Amino acid sequence: AYNEKCDIWSLGVIIYKMLFGKYPFLPSNGGTLEDLKGIVDKGVVTFPNNIPVSEEAKSLIMSMLKRDPVKRL
């Protein structure tokens, strides 16, 4: 069911894109929708080392991109 947790997820993706210039979940070589789903299901978010961002910002993004909506910010 749609609720505010979906919006929080979307904001996490937008903040990540604004800070790093790319999406947090992106299949290599323009993969399929199934590839994207697999990446999202793993729930692993990495941060580029070449862009300085505070640990607080990274923590905020991580709390917004939790796969489980109950654990999400």
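Just so it is clear, the structure is predicted and the values come from calculations on it, not from any experiment. Heavy-atom basis, side chains included; hydrogens, waters and symmetry copies ignored.
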Heavy-atom closest contact ([X] atom, [Y] atom, distance):
{"X": "Met64", "Y": "Leu73", "value": "CG-CD2, 3.9 Å"}
{"X": "Gly12", "Y": "Ile61", "value": "O-CG2, 4.3 Å"}
{"X": "Ala57", "Y": "Leu19", "value": "CB-CD1, 4.5 Å"}
{"X": "Val45", "Y": "Met62", "value": "CB-SD, 3.6 Å"}

Side chain proximity check, Glu34 to Pro27, heavy atoms < 4.5 angstrom
no

Is any side-chain heavy atom of Phe20 closer than 4.5 Å to a side-chain heavy atom of Phe47?
yes

Same cluster (ILVMFWY, side-chain, under 4.5 Å), [X] and [Y]:
{"X": "Leu11", "Y": "Met18", "value": "no"}
{"X": "Val40", "Y": "Tyr23", "value": "yes"}
{"X": "Ile51", "Y": "Tyr16", "value": "yes"}

Step by step, work out the side-chain contact (heavy atoms from CB on, under 4.5 Å) result for Leu65 and Val13.
CA-CA 7 Å; Leu65 295 180; Val13 171; 3.8 Å; yes

Look at the aromatic rings of Phe25 and Trp9 and report parallel, tilted or perpendicular, splitting at 30° and 60°.
parallel

Can you tell me if Asp35 and Thr32 form a side-chain donor-acceptor pair at under 3.5 Å?
yes

Residue pairs involving residues 64-73 (criterion salt bridge (charged side-chain N to carboxylate O under 4.0 Å, His left out); sequence neighbours excluded)
Asp41-Arg67

Value rounded to 0.5 Å, distance of NZ in Lys22 from CG in Leu26:
8.0 Å

